[in-house]
Every structure is written in C-alpha cells, then in structure tokens.
Amino acid sequence: MVDLTAIAPAKTVRRPAPWAFIVLAAVVVLALLAPLIDQLGPYRQVLSKALSGPDMIAPLGYDHLGRSMLARMAYAVRLSLALAMASTVTAAFIGIALGMLASWRGGWTDTLLRLVSDSMLALPALLLVLIAGVIVQSTAVSFWIGLAAVQWIEFFRLSRSMMRSLIQSPAVEAARLLGFGPVHIFCHHLWPEMRPLLLTAAAFGVANAIMVIAALGFVSVGMRAPTPEMGLMMVELLPYWREAPWALAQPVLACFAILLALNSIAGAKT
Amino acid sequence: MSVLIEAREVAVDGPQGRLVEPVSLTLRPGVPLTIVGETGSGKSLLMQALMGTLPAGLQARGSARIDGEDFDLSAPGNMRRLWGRTIAVLPQEPWLALDPLMRAREQVAEVHHLVSLETAGGAHADADLETVGLARAAARLPGELSGGMAQRLAFSAARAGGATIQFADEPTKGLDTAMRDGIADLLIGRLGAEGGLLTVTHDLDLARRIGGELMVMLKGRIVEQGPASRLLAAPSHDYTRRLVAAQPSNWARRQGSQGSEAAVISARGLSVVRGGVRLFDGVDLDLRPGAITGILGRSGCGKTSLGNALLGLVPLSGGHVSRDPSILSHRFQKLWQDPPSAFARTQTIGRELNALARLHRVDRQRMDRLLKRLRLSPELLKRPPGQVSGGELQRIALMRALMVDPVFLFADEPTSRLDLITQQEVIDMLGEVVREEKLALLIVSHDGDLLERFCDDVVKLDHRDGTARQSN
C-alpha cells in the first residue's frame with residue numbers, strides 16, 4: 001500500500017530560532033550568577049560614584065544614587081521573570097481546570113463560567129492589577145494575584161474550545177465507554193493534543209506579564225522604590241539620559257531582549 | 001478529432017521509488033473511461049499526472065496528447081491553461097472545494113466570469129443550476145446544501161469553464177448509495193458525443209453505471225482493461241475477480257441464528273429529537289446474544305443516534321431502554337465509522353491497549369489470543385494509529401472491544417471508509433466474532449445489499465415520517 005502522507009512533504013513547522021533561546025538563557029544566567037561576583041548588593045550607595053561608568057566593583061556602572069547597576073539589574077530581571085512565571089503557571093492551572101469543568105459538564109456550569117470570563121475581559125487588564133494592589137499590601141503578591149486574575153481567561157477560553165471538540169471525538173467516547181475515568185482521558189487524550197497551543201499561550205503570557213510589571217513600574221504605580229524593577233529603573237534613570245545613557249540603556253535592553261526572545265519562541269510554535 | 005487524450009507511458013515516481021508503473025491510455029469522445037482500484041493503488045496519482053497537479057515531491061514521466069496538443073508530463077508548467085477550459089475536475093468530497101461563504105449561484109457565475117470571460121455569467125449560472133435541479137437552491141450557502149446537492153453544485157461550477165473533458169476523482173466518496181446513481185447520471189448526461197469523461201473510483205457500482213471502458217489498477221499497475229460490462233461480468237484477472245466477489249450484492253447470505261435467549265438490551269417506543277428535529281419515533285428493538293440486527297437508512301436519518309441512544313450517549317426524548325442490570329456498563333461497546341479517530345492520536349496503540357488491560361485486569365494471554373484470532377500482527381501495536389491501515393485499525397478496534405468481554409456491540413458504519421475487499425474481511429470477522437462470543441450486534445449502514453446478506457433482522461429508518469419499519 002502506498003501511504004501518501006509519507007510521500008507528501010512534511011508540513012513545515014517553523015521551529016523557534018536558536019538565537020531566541022540563547023538570548024533568553026544569557027539574560028537568565030546573568031541574573032542568576034551576577035550576585036556571585038557582586039560585592040555591593042542592590043541597595044548599598046556609593047554617592048561619590050553616582051552615574052559613573054563601570055569599574056572593578058560595579059562592572060555595569062552606577063546609577064544616580066551610586067548603586068551598582070549590575071546588582072540592581074540582576075535583582076530586577078529575577079523579580080520580573082519569577083513574578084511573571086508564577087502568575088502564568090497559576091493562571092494556567094486555574095484556566096485549564098475551569099476549561100475542563102466547563103466543557104465536561106456543559107449546561108449551566110459552562111454558561112456561568114463563560115459569563116464570568118467574558119465580563120472579566122471587559123475590564124482593562126492593568127486596572128485589575130491595580131485593584132489587586134489596593135487590596136493586597138505586598139506589591140509582589142498583589143502583582144501575582146492581579147496578573148493571574150487577568151491571564152486565566154486566555155487559558156480558560158483556549159482549553160474550553162479545544163476540549164469541547166476533543167471530548168466529543170470518537171476517541172474520547174471510546175475511552176468513556178471502556179470505563180476510563182477523567183484523569184486518564186485528560187492525560188492520554190486531551191493534554192497531548194492541547195499541549196503545543198497551551199505552551200505557546202504560556203510563553204506569550206510570561207512576556208505579557210513582564211510588560212505589565214514594567215509598564216506599571218514606569219508610571220510609578222507598580223513596584224515601589226527602592227525595589228529594583230526594570231520599569232521603575234527606567235523612569236528613575238530617564239532624567240539622566242544625557243549624563244549616563246549607558247545606565248538607562250540597561251533596563252531598556254534587558255526588557256527588550258527578554259520580550260523579543262519570548263515572543264519569537266511563542267510565535268514559532270503556532 | 002477522434003481522440004481527446006492519448007497518453008503514452010505515464011508513470012509517477014516518489015522519493016521512495018515508483019508509485020505508478022508506465023500506463024498508456026486513450027480517452028475517446030463519447031466513451032467514458034473509468035479506473036478502479038483500492039486506496040493507495042495509485043489511481044488518483046495517475047489522474048493528477050495527466051492534469052499536471054501532482055503534489056510536490058512526486059515526479060510524473062511520459063507524454064500526453066491532449067486536445068490535439070502535445071505535453072511533456074514531466075514538465076507540467078504549461079498545462080495550467082488547460083485547467084477549467086479543456087479539462088474540468090470534479091474533486092473528491094466537493095463540499096470541501098466550495099467556498100463556504102459564497103452562495104450557490106455566485107459559485108457558478110464566478111467561473112463564467114473569470115474562466116470563460118463571459119459578461120452574462122449570472123444568466124448562464126441560472127441556466128446551469130436549472131439543469132442540475134438546483135434552481136431553488138441558488139441563494140443558499142454550501143453549508144445549507146445536502147451532500148448530493150453540493151456535489152451537483154461543484155459539478156456545475158467545474159463545467160462552467162466550458163471544458164470538453166471531465167475528470168472525476170472518487171465522485172461518490174462519502175455519499176449514500178441512493179445518491180450514487182444520480183452522480184453517474186450527471187456525469188454521463190453531460191458527456192454527449194463530443195465530451196470526454198475520465199473517472200477514478202473504488203466503487204464498482206458506479207463503474208458499472210457509467211459503462212464505457214474500464215481499467216483495473218493494483219499497486220500502481222493496470223492489471224486488466226476492457227469494456228466495463230464485459231470486465232465486470234466475466235473478470236479474468238484474479239484481483240478483478242476478488243474485487244467483483246467482494247461487492248456486497250455478490251456475497252453469500254450469512255447463516256442466520258434466531259437467538260431465543262433473553263435480550264441483553266431492549267428498547268420500547270424509542271424516540272430521539274436533535275436540534276429540534278424528530279429523528280425517529282416509536283422504535284422497538286430486542287437485541288439477543290448471537291443475533292445481528294441491521295439499521296438501514298440514508299445519511300442524516302438518525303441511524304447513529306439510535307445506536308448511541310441504546311448506549312446512553314444520546315439523551316432519549318421518549319420511550320425507554322432496558323438493560324440486564326447484572327451486566328456492567330462497560331460491556332456495551334461500539335465500533336466507529338472512522339477507525340483512526342477512535343484512537344488517541346499521539347500514542348501507540350499498544351500503550352492504549354495496555355492501559356485498558358490494566359484497568360480491567362485482562363491478562364497477557366487473552367490479548368495474545370485475541371491478536372491471533374483477529375489475524376493481527378503484534379508489530380502493529382508499536383505504531384500510532386495514523387500509521388496503520390483502516391482495515392487493520394478497525395480490527396484492532398474490534399479487539400479493543402472484545403478485551404472487555406462485551407455482550408453488545410454497536411457498529412456504526414464500520415466499513416464505509418474501507419475498500420471493498422477489506423470491507424468483506426472486516427464483516428466476515430465480525431460475523432465470526434458474533435457467533436463465537438455470543439454477542440448481540442447492532443450494525444448501521446446505508447448499504448442495503450450488505451445488511452440484507454449479513455443481518456438476521458433489518459430495521460429501515462425513514463426520515464420523512466420518522467418511523468421505523470421492520471423487515472426480514
């Protein structure tokens with residue numbers, strides 16, 4: 001028998017470019033290893049060296065208050081990535097679980113969950129994060145809660161629509177007739193089919209969360225000084241762009257590199 | 001002109017070797033030519049080579065004289081201008097070829113405008129739709145047409161370019177027996193004395209109805225050719241003989257067994273409403289061990305819903321289903337129409353069957369016995385479902401059902417996607433299993449010949465009055 005699928009050229013799946021992973025890995029490694037060579041920490045001030053260039057103690061120079069840019073950048077990147085990932089993972093768990101519930105049970109459960117998710121979509125995402133900031137005192141926890149509250153909708157909608165057709169497929173019907181439970185069906189039928197798309201959504205989600213954290217920091221309603229955070233650092237260093245363009249460029253470039261890498265990884269998989 | 005297409009030594013090469021051995025054929029005006037063969041025999045590739053539309057990676061060889069002009073098939077670049085004007089193609093499953101957002105009349109008018117460059121395309125389109133009996137459906141979208149209507153619309157759109165030669169690739173695929181004759185009439189009706197018709201199909205009834213010349217293809221080779229009427233009545237090649245014998249109308253009637261044991265599942269006054277339409281009403285069924293019950297009906301008449309209602313997959317809107325309460329629910333099983341879709345796509349079949357064996361504590365020996373019984377190679381279990389042929393996969397699905405020791409099996413068009421010979425193998429296998437395992441089988445089909453010869457009892461579902469008639 002001639003199998004036509006074997007002859008026809010394989011569907012060209014655009015693989016993520018290796019540079020995207022290299023850039024992302026470089027930024028992460030820098031953020032993790034910098035504290036090993038750094039002696040100042042993100043808060044120690046050496047006022048006499050304010051806005052001066054790199055030296056042996058601070059290889060990336062000093063900011064306007066004489067703090068080591070290397071230490072502050074490392075701290076800021078770690079904070080943004082950790083927060084973004086924590087909120088995306090939380091959102092994915094909640095979104096997929098509710099998506100499964102809605103598509104499995106159908107009926108009024110589905111209607112109710114859709115109503116909730118649709119009405120939350122009507123609220124601006126930044127506003128939700130700000131509201132969480134008012135309710136919860138700790139800025140980091142409020143970001144985590146606020147971002148997860150925005151992001152779960154994407155995962156819910158994606159997994160619900162995919163699971164609806166999957167659950168009606170003969171393969172799942174067969175599994176149910178044969179006596180398999182929901183856990184087996186999820187692990188063997190639903191998750192393998194949904195994984196590629198959901199991982200893409202997660203990569204976009206992390207990128208989006210980093211952007212939200214930086215944006216709120218930039219307009220001074222996010223992380224509070226003296227916490228090192230990329231958006232906050234940008235707005236603090238902005239008045240000194242003439243004297244120390246190098247210092248201002250660092251948070252901008254780091255943010256840009258992370259977002260570019262994440263978006264191209266996510267974009268390539270679809 | 002006495003010859004429309006004169007093809008010499010047409011062959012198709014793939015990356016792993018030759019797919020179609022050199023074939024020479026002649027298409028004469030007024031004499032239809034039909035190529036029959038099973039899935040993967042290379043019949044569609046041969047047609048694509050003649051049109052210059054082979055998928056990338058495949059290379060055609062040979063030459064053809066089409067409409068008085070010579071073409072080198074290995075360099076099909078200049079064959080493009082033949083499309084639509086000289087050669088019209090009726091594609092497989094035409095509802096996929098129609099624009100889902102364009103109304104029927106525009107689909108045809110567009111071809112008149114863009115291919116034949118006529119200004120009065122709309123008027124021509126109306127006339128075209130009138131001839132195929134679609135005048136009243138002119139303003140409908142393809143999604144609102146039945147399979148047969150979509151087929152006729154695609155036919156009109158294909159012919160609107162004014163081509164004299166018609167190619168039809170599996171024109172009855174996915175259609176009911178009742179519509180098959182309509183398609184054949186449509187194809188011959190437009191043939192006339194001048195036109196040409198080349199059809200590729202696995203359907204011998206269609207081939208018989210079209211008549212003319214017939215070529216039988218097996219594994220990339222033409223094994224027999226001649227006038228259709230003679231070839232189908234007295235085939236000389238072994239493969240053609242098996243093919244003709246595998247037609248349900250030529251089967252021997254199965255030895256029936258009227259089971260007198262208590263029914264494992266009974267239905268009284270069953271009715272199902274889906275999407276506001278009453279599919280059937282007042283159906284009574286008693287399914288006994290060892291007995292085969294058939295359900296016959298056109299597509300969309302609710303045959304599948306009837307079986308699903310018995311299995312509890314579809315809610316009832318009237319009547320009731322009673323099962324023996326001492327029998328566990330997983331012993332009521334089902335076979336699906338499209339075997340690959342009934343398995344998890346991303347894992348090997350073996351993994352799925354092993355999970356089932358663990359769940360119901362089926363021992364290794366029983367699985368090996370079943371594999372041997374269903375003549376399946378254990379090697380198959382190492383593959384994902386996409387890499388197993390449809391006939392084998394349907395037998396694996398049967399094995400999966402047998403692993404849980406079923407008392408009732410609902411087979412939903414289990415062979416409609418299979419080739420004739422494979423269909424006969426699977427049906428024979430089902431019959432043996434029913435006899436040995438003493439299970440009650442409910443089989444749904446649109447093929448009356450098949451059901452009549454295979455079943456002890458046939459229920460006809462009639463869509464119009466929504467009632468069922470029992471016959472034997």
Side-chain angles (χ1 to χ4, degrees), chain A residues 1-14 96 100 103-111 158-159 161-201 269-270, chain B residues 12-20 38-42 44-45 54-58 219-220 308 311-313 328-347 351-353 355-356 358-360 385-387 389-391 397 400-401 403-404 406 410 412 419:
Chain A
M1 224 181 103
V2 181
D3 184 5
L4 267 182
T5 51
I7 301 161
K11 219 191 283 172
T12 45
V13 180
R14 203 161 69 81
I96 296 170
M100 184 150 176
S103 48
W104 198 285
R105 296 286 298 275
W108 64 265
T109 319
D110 186 30
T111 315
L158 262 180
S159 54
S161 65
M162 272 191 287
M163 269 192 265
R164 267 168 76 91
S165 57
L166 284 172
I167 282 175
Q168 283 162 3
S169 72
V172 172
E173 199 174 272
R176 287 166 100 166
L177 274 180
L178 289 164
F180 285 110
V183 176
H184 174 94
I185 291 176
F186 181 79
C187 294
H188 290 81
H189 294 272
L190 306 181
W191 179 245
E193 298 282 343
M194 305 194 308
R195 190 176 47 203
L197 208 55
L198 288 178
L199 286 183
T200 302
K269 275 184 184 156
T270 42
Chain B
V12 178
D13 288 332
Q16 283 130 20
R18 184 143 281 193
L19 299 170
V20 177
E38 61 191 25
T39 315
S41 61
S44 291
L45 293 180
L54 279 176
L58 301 187
K219 296 195 174 111
N308 282 345
L311 286 172
L313 296 169
L328 290 170
S329 67
H330 67 253
R331 296 179 66 191
F332 294 83
Q333 282 300 322
K334 177 173 173 181
L335 287 183
W336 282 262
Q337 178 174 15
D338 182 29
S341 71
F343 288 85
R345 202 166 58 98
T346 48
Q347 61 184 4
R351 240 186 105 198
E352 190 166 343
L353 294 188
L356 183 64
R358 276 196 305 279
L359 182 70
H360 293 293
Q387 290 175 21
S389 74
R400 180 172 71 175
M403 276 171 68
V404 296
F410 165 45
D412 183 12
D419 291 314

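Protein chains get the first letters and strands the later ones, always in sequence-line order, with residue 1 at the start of each. Values in this document were obtained by computation on a predicted structure and should not be read as measured data.
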Asks: Go through the atoms of B:L356 and report whether side chain, backbone, both or neither lie under 4.5 Å from a heavy atom of chain A.
Replies: both
Asks: Begin from the C-alpha positions of B:E352 and A:H188 and carry the test side-chain contact (heavy atoms from CB on, under 4.5 Å) through to its verdict.
Replies: CA-CA 8 Å; B:E352 190 166 343; A:H188 290 81; over 6 Å; no
Asks: Output the option from B:L313, B:L311, B:N308, B:L335 having the highest count of non-hydrogen pairs under 4.5 Å with chain A.
Replies: B:L313
Asks: Closest approach of B:S341 and A:P170, non-hydrogen atoms and distance?
Replies: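 In this case the closest contact between B:S341 and A:P170 is OG-CG, 3.3 Å.
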Asks: Between B:A355 and chain A, which part of the residue has a heavy atom less than 4.5 Å away: side chain, backbone, both or neither?
Replies: both
Asks: Side chain, backbone, both or neither: which part of B:D338 has an atom under 4.5 Å from a heavy atom of chain A?
Replies: neither
Asks: Counting neighbours of CZ on A:R105 that are heavy atoms of other residues, nucleotides or ligands and sit closer than 6.0 Å, is the number greater than 12?
Replies: no
Asks: Which atom pair, heavy atoms only, marks the closest approach of B:K334 to A:L177?
Replies: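 Closest approach of B:K334 to A:L177: CB-CD1, 3.7 Å.
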Asks: Is there a side-chain contact (heavy atoms from CB on, under 4.5 Å) between B:L359 and A:H184? Walk through the geometry before answering.
Replies: CA-CA 10 Å; B:L359 182 70; A:H184 174 94; over 6 Å; no
Asks: Which atoms of B:R400 are under 4.5 Å from chain A, going by heavy atoms: the side chain, the backbone, both sets, or neither?
Replies: both
Asks: In Å and rounded to the nearest 0.5 Å, what is the NE2 to CG distance from B:H360 to A:L178?
Replies: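 The NE2 atom of B:H360 sits 6.0 Å away from the CG atom of A:L178.
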